Enquirer: 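Below: one structure in structure tokens.
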2 protein chains.
Amino acid sequence: MQQQTYLKGCLSAIVLQLLQDNKRMYGYEITQRVREITAGELQLTEGALYPTLHKLEAEGVLTTENALVDGRNRKYYKLTENGHQQAQSAVSELADFVSNLQKILHLKPSIG
Amino acid sequence: MQQQTYLKGCLSAIVLQLLQDNKRMYGYEITQRVREITAGELQLTEGALYPTLHKLEAEGVLTTENALVDGRNRKYYKLTENGHQQAQSAVSELADFVSNLQKILHLKPSIG
DNA sequence: TCTATATACAAAATTTTCTTAGGTATAATA
DNA sequence: TATTATACCTAAGAAAATTTTGTATATAGA
């Protein structure tokens with residue numbers, strides 16, 4: 001499963017997309033969600049994810065809330081108001097990139 | 001045009017796809033071809049491309065032929081026999097990755 | 001003729017980004 | 001009681017691209 005290689009650069013955009021869909025998520029949840037969506041083909045490693053989350057938080061794109069659930073600590077991340085805009089542009093650029101990759105690889109364009 | 005960011009990791013696969021399509025190409029030609037295909041939205045920088053070509057050559061995926069054209073030197077790259085196989089698997093993995101990105105971004109799957 | 005642009009290659013230093021490996025801790029299951 | 005799942009995180013290193021710089025020829029325009 002070497003698809004991991006191609007993930008480089010897309011991680012932030014993927015996280016931002018998930019947070020547009022879900023209002024708030026915690027780190028572990030994000031790794032599991034990506035695994036679910038991709039049927040196990042893509043796996044975010046925690047060593048890559050947490051630094052990315054912290055970076056986005058430092059940039060003011062995300063804020064956090066702590067919660068204690070079933071005796072375990074959780075840290076929820078959600079988009080700030082500014083973050084929503086940045087998320088939109090990051091995601092739409094990634095969609096454009098996908099579209100360009102389709103052209104290069106002779107994949108048919110997405111329906112819609 | 002920040003799509004460049006997402007290119008990370010895909011460069012080799014893109015080069016290999018182009019060389020599957022074209023038998024042989026030289027570096028500058030590759031940058032121009034990508035620019036054409038993507039209507040200027042994606043631009044391979046030479047500083048990224050040449051190290052990638054050299055790495056693929058060192059790995060035995062590509063071989064080179066020099067040619068003098070219009071007084072300027074050209075270095076053509078083409079796939080080795082082994083390279084064809086590696087190109088196919090790299091490209092199909094990138095296609096799978098694109099498919100996973102479509103799922104995450106709620107893009108409709110490619111036609112076909 | 002001089003200058004800028006296009007063509008064509010490449011190396012070096014830097015930065016970004018991920019991987020690998022490790023650490024802490026609780027709950028549930030076998 | 002030992003393992004797995006959940007849940008957070010950091011640090012060292014490697015990988016990969018960017019930026020910067022350099023070389024050189026051809027062509028078009030002023």
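These numbers were taken from a predicted model, which means no experiment stands behind them. Sequence lines set the chain letters: A, B, ... in the order given, protein chains first and strands last, and positions in each chain run from 1.
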Enquirer: Grab the CZ-C1' distance between B:R74 and D:dT23 for me, whole Å please.
Expert: 18 Å

Enquirer: Working to the nearest 0.5 Å, report the span between CD1 of B:I30 and CD1 of B:I14.
Expert: 11.0 Å

Enquirer: Roughly how many Å is it from NE2 in B:H54 to C1' in C:dA10, rounded to a whole number?
Expert: 6 Å

Enquirer: Between atom CD in B:Q3 and atom P in D:dT18, what is the gap in whole Å?
Expert: 13 Å

Enquirer: Please report, rounded to the nearest Å, how far the P atom of D:dT23 is from the NZ atom of B:K75.
Expert: 19 Å

Enquirer: Rounding to a whole Å, what distance do you find between B:Y77:OH and C:dA8:C1'?
Expert: 11 Å

Enquirer: Testing B:V34, B:L42, B:I37 one by one against A:K103 for a side-chain contact (heavy atoms from CB on, under 4.5 Å), which residue passes?
Expert: B:I37

Enquirer: When the distance from OH of A:Y50 to P of D:dC8 is rounded to whole Å, what number comes out?
Expert: 4 Å

Enquirer: A:R74: which residues meet the side chain to side chain contact (heavy atoms under 4.5 Å, CB included) condition with it, sequence neighbours left out?
Expert: A:Y26, A:V69, A:Y76

Enquirer: Please check if the side chain of A:Q4 supplies one atom and the backbone of A:Q43 the other of a donor-acceptor pair under 3.5 Å.
Expert: yes

Enquirer: Can you tell whether the side chains of B:K78 and B:E65 come within less than 4.0 Å, N to carboxylate O?
Expert: yes

Enquirer: Determine, for nucleotides 18-30 of chain C in 5'-to-3' order, which nucleotides have protein heavy atoms under 4.0 Å from the base (write B), from only the sugar-phosphate (write S), or from neither (write -).
Expert: SBB-----BS---

Enquirer: Mind listing the residues from residues 24-33 of chain B sitting with a heavy atom below 4.0 Å of DNA chain C? Number order is fine.
Expert: B:Y26, B:G27, B:Y28

Enquirer: Any chance you could measure A:M25, atom CE, to A:K23, atom NZ, to the nearest 0.5 Å?
Expert: 13.5 Å

Enquirer: Can any side-chain N or O of B:T80 pair as donor or acceptor with the backbone N or O of B:V61 at less than 3.5 Å?
Expert: yes

Enquirer: Could you tell me the separation between the CG atom of A:L53 and the P atom of D:dC9, rounded to a whole number of Å?
Expert: 8 Å

Enquirer: Answer whether the closest heavy-atom distance between the side chains of A:L18 and A:R33 falls below 4.5 Å.
Expert: yes

